[in-house]
There are 2 protein chains.
Amino acid sequence: MVQSRDAERTRSELLEVATEVFSEQGYSGARVDEIAERTRTTKRMIYYYFGGKEGLFLAVLEAAYRRIRELEQSLHAGDLEPVDAIRRIAELTFDHHVNHPDFIRLVSVENIHRGRHMEKVESLRELGAPAASVLDEVLARGRASGELRADVDAVDVHMMISAYCVFQVANSATFGFLFGRDMLAPEVRERHRRILGDIVVGWLTAR
Amino acid sequence: MVQSRDAERTRSELLEVATEVFSEQGYSGARVDEIAERTRTTKRMIYYYFGGKEGLFLAVLEAAYRRIRELEQSLHAGDLEPVDAIRRIAELTFDHHVNHPDFIRLVSVENIHRGRHMEKVESLRELGAPAASVLDEVLARGRASGELRADVDAVDVHMMISAYCVFQVANSATFGFLFGRDMLAPEVRERHRRILGDIVVGWLTAR
DNA sequence: TGGCTAATGTACGAAACGGTACATACATTG
DNA sequence: CAATGTATGTACCGTTTCGTACATTAGCCA
């Protein structure tokens with residue numbers, strides 16, 4: 001297999017495939033040989049670029065988390081009235097989760113290992129802040145105008161939204177099985193999306 | 001190690017330890033040797049009683065899911081007014097999840113493997129029904145009395161409650177890390193518990 | 001009490017798996 | 001165009017890990 005050299009392509013291809021394999025099989029279940037086989041390069045390159053299996057997983061985790069920034073950047077909450085902004089944030093978060101199932105599954109994998117890996121990646125330490133501060137700003141405006149209740153904080157709201165969105169993706173297999181419901185079906189998704197908006201807005205506008 | 005024989009004890013001890021190890025390390029991460037070492041018996045017994053690693057995992061999964069029945073049995077929703085019953089169900093579900101983190105983690109593990117294992121256990125097929133029917137009954141009463149809205153179905157309500165409760169346990173590592181919040185702290189738990197009740201009741205009583 | 005079966009223990013094998021030593025080819029640059 | 005470092009490929013090693021063949025013991029029942 002003679003092939004023109006392209007360090008960047010090799011690196012990113014490994015990351016891409018590794019994201020898939022780790023999210024499908026978990027950390028221990030993922031096989032270094034399998035990841036390599038699914039790319040156009042060899043196992044040797046995993047050790048060359050990432051130092052080993054764990055280094056590769058760390059890189060995958062970091063790249064995945066970094067992609068969340070897209071989310072905060074894509075919503076210009078400041079342009080909207082507080083109530084509309086809240087619904088918008090909820091719906092955008094929902095869409096983001098649905099569109100990045102691999103990421104959500106990686107988070108599950110990392111939680112099973114009690115966050116042992118992510119603690120080693122310093123750059124992930126303050127990745128939560130943006131999401132919280134966007135919500136915080138909206139809550140402050142709503143509080144000032146009297147449209148939103150004053151006794152909840154941004155992180156609690158974010159948690160509620162995350163919980164609902166993560167569940168859609170992370171637990172679709174078991175929940176779908178136990179209740180005979182296809183969580184991936186478009187019309188089901190659409191209803192869940194609307195319900196989430198209703199719940200959050202209802203909660204925050206109650207007095 | 002001479003020891004009086006007790007098939008039942010050996011079996012249940014294996015199940016107990018395996019539950020712990022699988023929920024801590026995931027399916028592939030769990031080591032058959034480690035499970036055996038943590039018991040007073042040997043690896044041989046895993047193959048004698050469960051046929052192998054996968055058989056053991058299936059047994060663990062089944063035993064864990066079966067324990068949920070406790071939940072439906074412990075709440076006598078019929079005794080309560082619809083609104084109170086809803087809050088009660090939410091809080092009891094919350095408590096149950098918090099008190100059985102191993103079970104929640106097992107569900108996560110199973111979801112990573114896309115429910116591949118549980119599909120093999122026929123007895124798990126209709127385990128969701130009780131939870132849905134309890135809610136269904138309460139919703140019907142509330143609908144009749146006009147206290148609860150009529151446009152949501154039991155499974156959607158159950159999903160919302162489950163999502164919130166599962167997240168507390170399953171994602172405490174990553175969420176806690178990203179937002180510098182100890183999800184296990186009693187006062188945090190207590191607030192989340194109250195918030196869940198408020199949200200669900202608010203949602204279902206809105207018109 | 002002697003025999004029979006369920007239950008348990010020991011020791012080992014084969015394959016899977018993460019990792020590495022070593023050889024080599026490409027491309028950039030002086 | 002030679003030289004040098006980056007990038008890649010191959011073949012292999014040592015360990016771990018699931019699983020099993022075989023031996024043995026405990027206790028029940030005739």
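Naming: A, B, ... by sequence-line order, numbering from 1 per chain.
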Rounded distance (Å) that lies between atom [atom2] of [N] and atom [atom1] of [X]:
X      : N       : atom1 : atom2 : result
E13(B) : dA7(C)  : CD    : C1'   : 15 Å
D33(B) : dC12(C) : CG    : C1'   : 13 Å
D6(A)  : dA7(D)  : CG    : P     : 10 Å
E37(A) : dG9(D)  : CD    : C1'   : 14 Å
R9(A)  : dA7(D)  : CZ    : C1'   : 12 Å
M45(A) : dT24(C) : CE    : P     : 16 Å
Q25(B) : dT17(D) : CD    : P     : 10 Å

Exercise for the section: Could you identify which residues of residues 46-54 of chain B place a heavy atom less than 4.0 Å from some atom of DNA chain C, listed by residue number, or say none? Expected result: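 Going residue by residue through residues 46-54 of chain B, the ones with a heavy atom under 4.0 Å of DNA chain C turn out to be Y48(B), Y49(B).
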
May I ask you to evaluate whether [X] reaches the phosphate of [N], defined as a side-chain N or O under 4.0 Å from OP1 or OP2?
X      : N      : value
T42(B) : dT8(C) : no
T10(A) : dA7(D) : no
T41(B) : dG9(C) : yes

Exercise for the section: Have a look at A30(A) and say if it touches a base, only the backbone sugar-phosphate, or nothing, with a 4.0 Å heavy-atom cut-off. Expected result: sugar-phosphate

Is [Y] paired with [X] through a side-chain N to carboxylate O contact shorter than 4.0 Å?
X       : Y       : answer
E110(B) : R116(B) : no
E91(A)  : R88(A)  : no
E62(B)  : R66(B)  : yes
R181(B) : D153(A) : yes
R194(B) : E190(B) : no

Handout entry: Pairwise 5' ranking along DNA chain C for R44(A) and K43(B), keeping only the more 5' one
Key = K43(B)

Exercise for the section: Could you note down all residue pairs passing side-chain hydrogen bond (donor to acceptor under 3.5 Å, both in side chains) where residues 45-61 of chain A supplies at least one of them, sequence neighbours left out? Expected result: E54(A)-K120(A)

Handout entry: Qualifying side-chain hydrogen bond (donor to acceptor under 3.5 Å, both in side chains) pairs with a residue from residues 94-105 of chain B, counting only residues at least two apart or across chains
Key =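 Listed once each, the pairs are S23(B)-D102(B), D95(B)-R193(B).
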
